[in-house]
Amino acid sequence: MSSKLLANLNEPQLTAVTLPHTSALILAGAGSGKTRVLTTRIAWLLTTGQVSPSGVLAVTFTNKAAKEMLTRLSSMVQVNVRTMWMGTFHGLCNRFLRMHWREAGLPQTFTIMDTQEQLSMIKRILKQNNIDDEKFPAKQLSWFISSAKEEGLRSNAVEAFDEYTRKQVELYQLYEATCQREGVVDFAELMLRCYECLSKFEALREHYNARFRYILVDEFQDTNTLQYKWLRLLAGPNTAVLAVGDDDQSIYGFRGAKVANMQRFEHDFAPAKIIKLEQNYRSDGSILEAANALIRNNNGRLGKELWTDQGHGEPIRVFQGYSDGEEAAFVLDSVKAAMNDGVPLDDIAILYRSNAQSRVFEHGLFNAGIPYRVYGGLRFFERAEVKHAMAYLRLINNPEDDNALLRVVNFPPRGIGAKSIENLQQVATATGVTLWQAACSGGAGSRAQVPMAQFIGLIEGMRIATKGLALPEIVRHLLDASTLKALYVADKDGQDRVENLEELISAADNFLRETGGVIHIENFDGSISESDDPMSAFLAHASLEAGDTQAAEGRAALQMMTVHSSKGLEFDYVFMTGLEEGLFPHDNSLNDDGGLEEERRLMYVAITRARKRLHFSYAQMRMLHGQTRYNVPSRFLDEVPAALLKWLSAKPKNLLAMEPHAPLSGDSSGRNLSSFAASIGSASRTDSGFRIGQQVSHAKFGHGVIINADGSGKNVQVEVNFVDHGIKRLALEYAKLTAI
DNA sequence: ACCAGAGCCCTTTTT
DNA sequence: GGGCTCTGGT
């Protein structure tokens, strides 16, 4: 297997995969084989014995990307992936904190709050402190707190120069105290705690610094300040950090991502090499040309131009509709035509800037009986009924969790109304205890005395009854004992919810089977122990990985999503809709600086999703938020060369037919690299004591790594990838290589 | 205590 | 247009 590892990589890809033990930055354009490079790099490091799985840390942003990496890696090498630190930033921090909860100052059973829960906690705090929520909206506060944390700032470190900010900081402080009292953490807290813990405990930091020989970061352009600082802390003097990213695809500036981290990386990590992956294997030439032309309008790019040897392909089809309805009809007709041509529905995507735009298309598709799938709705673990069930689970795990208690203390209704809960909160605030503690001491007032005692009895009864049971059985018991399921069974509209609750039992079962419900802990002495706490693990899983939007993926369906959620995906046919000023670029984006450029990168992402056929469309008039708007075509349409566009609607513009073009650029001479790749694995050790993966030094070429060897005796030739001189083939007898 | 109808806002989103 | 909060009636 491993002999084929390096086959069919192009030159820059090969260089990146076989880099010596140094830090490097890879500028990977859309569709240039970024994930392949990352996974092959890890596989290569492992098979050549340069590092053991436990010495690798590979980090991504989404669970999907992490999973993809893991799947691809396991198909390349046989390796115990459990000892490898591969996952999302937050997932890895969670793993760290489960091991080092003492040092981090957290209870062992700490639970993770998602955004909804964070918001409700803030609302609670506002109410308890009689703060005008018109003046301090909860949403804005949660943004304030998360942003501060993502800059690495605790409440006492935020500088406040005005009264308003001072009040926000004060509330941030209250929020911190509440989290600590209840033993819960939000997403940003996972990162910040982990970061603080590492910076505070030198021994801990040194351990991980020495352990991680290689750190690989995916989608580096999306890292925020804290994530960058975290990486710097984890990387020791002998850690090689490989950052892979694309500044042109940075579309999360609005939530704190800093493209500038790519420049900072050049400064702080002194990468020996910056490698550009510019050959695109996804899209036809005209699509890439459009993308290149558009993005050229941005300033301060790191500079990168996509090319393909696949030929020009078709022009981009453009349609102007009179109304959003007419635009939808155009898309619908085109989809039908594509279906007739045998294009699978999964290979067709409708993209839009904002979620509200999906409805017209959904309507049309529904009436036409075309199956479709909308991304970005409520996910499984975010559904109310599932949240309720999980709240019971959380209370068994940690009754001090106020969010969980409030969610179910009167659901299903059991006679504990708003007034009683208010009493309870008053007592809790006054005495500085959690709601559960307040409830246990009768804080809900005399009216609620009996029902509250019953509730406490219910939770404790559940804990006793489920002790020792397997996770799915625990869930099943909770659903019955809480009468949650019965409530929905009795509701004639509750069918879906009952199904989701039953699905939750399956989810617990799957989770147990896939992970064993166990968190692996590697101790300082290298031994491995397991934290056998399936419940905490499952709760973390539910928060960190909220699950798919739609559980059943089953049959083929047309894909509908925002441009943001399309990043990383690709389709044969792409319909980029709603190309109107105000919508895309969005009005609200024009206010913040760099906003327009981020919108343009968004458009760049949209264009580069298409493999074969790309459609642009817009409407002169549309209904949005219950109001009719008249829009002019997006400026982005003008930024694509007219020669690449084919107007389908009667638009007073040139109707240029495409001239067949020569391939865009780049040479396709492509050295056959597979020949020397073939011997990796089989001849991984030469007679002379050098081996594949060996770090070497050469008088003239400097620092490098052996990536291949063949011949025997005096005729051994080695292939070395030098940091500064690239890949060289040398005769071992004469080359005077020194092992380092 | 609980439910039903009226008013209000509204990019993008993963963890 | 739709999801969420607030208010008033039972």
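As a basis for the values below, the full set of heavy atoms in this structure was taken, side chains included, without hydrogen atoms, waters or symmetry mates.
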request  = May I ask you to say what A:S589 touches in the nucleic acid, namely base, sugar-phosphate or nothing, with a heavy-atom cut-off under 4.0 Å?
outcome  = base

Pairing of [X] and [Y] as salt bridge, 4.0 angstrom limit:
{"X": "A:E580", "Y": "A:R629", "value": "no"}
{"X": "A:R72", "Y": "A:E68", "value": "yes"}
{"X": "A:E176", "Y": "A:K149", "value": "no"}
{"X": "A:R601", "Y": "A:E598", "value": "yes"}
{"X": "A:E514", "Y": "A:K67", "value": "no"}
{"X": "A:K387", "Y": "A:E117", "value": "yes"}

ask   = A:F584: what forms a ring-ring contact (aromatic ring centres under 6.0 Å, His included) with it, not counting sequence neighbours?
value = A:F636

To the nearest Å, give me how far apart [atom1] ([X]) and [atom2] ([N]) are.
{"X": "A:E599", "N": "B:dT12", "atom1": "CD", "atom2": "P", "answer": "11 Å"}
{"X": "A:L596", "N": "B:dT11", "atom1": "CG", "atom2": "P", "answer": "18 Å"}
{"X": "A:R629", "N": "C:dG1", "atom1": "CZ", "atom2": "P", "answer": "16 Å"}
{"X": "A:E362", "N": "C:dG1", "atom1": "CD", "atom2": "P", "answer": "15 Å"}
{"X": "A:R414", "N": "B:dC2", "atom1": "CZ", "atom2": "P", "answer": "10 Å"}
{"X": "A:L487", "N": "B:dC2", "atom1": "CG", "atom2": "C1'", "answer": "13 Å"}

note = Syn within 90° of 0, anti beyond: B:dT12 is anti

query = Do any pairs count as a ring pair (Phe, Tyr, Trp, His ring centres under 6.0 Å) and have a residue in residues 127-146 of chain A, sequence neighbours left out, and if so which ones?
reply = A:F136-A:Y164

Under 3.5 Å between N/O atoms: give me all the protein pairs with nucleotides 4-9 of chain B, atom names plus distance.
none

inquiry  = When you measure from the centre of the six-membered ring of A:F110, is the NZ or CZ of A:R98 closer than 6.0 Å and no more than 45° off the axis?
reply    = yes

Cation-aromatic face contact A:R600/A:Y604, 6.0 Å, 45 degrees = no

Report, one pair per line, the protein and nucleotides 13-15 of chain B atoms (nitrogen or oxygen only) whose separation is under 3.5 Å.
residue : atom : partner : partner atom : Å
B:dT13  : OP1  : A:T562  : OG1          : 2.5
B:dT13  : OP2  : A:N355  : ND2          : 3.1
B:dT15  : OP1  : A:N63   : N            : 2.7
B:dT15  : OP1  : A:N63   : ND2          : 3.0
B:dT15  : OP2  : A:R379  : NH2          : 2.9
B:dT15  : O4   : A:T115  : OG1          : 2.7

note = Sorted by chain and residue number, the side-chain contact (heavy atoms from CB on, under 4.5 Å) partners of A:T562 (sequence neighbours excluded) come out as A:Y352, A:N355, A:H564, A:S565

inquiry  = What does the B/S/- profile of nucleotides 2-10 of chain C look like, 5' to 3', with a 4.0 Å heavy-atom cutoff to protein?
reply    = ---S-----

task = Could you say whether A:N410 or A:L602 is positioned toward the 5' end of DNA chain B, judged by the nucleotide with the nearest heavy atom to each?
result = A:N410

inquiry  = Can you check the distance between B:dT13 and C:dC4, where both ends of the measurement are the P atom (answer in whole Å)?
reply    = 16 Å

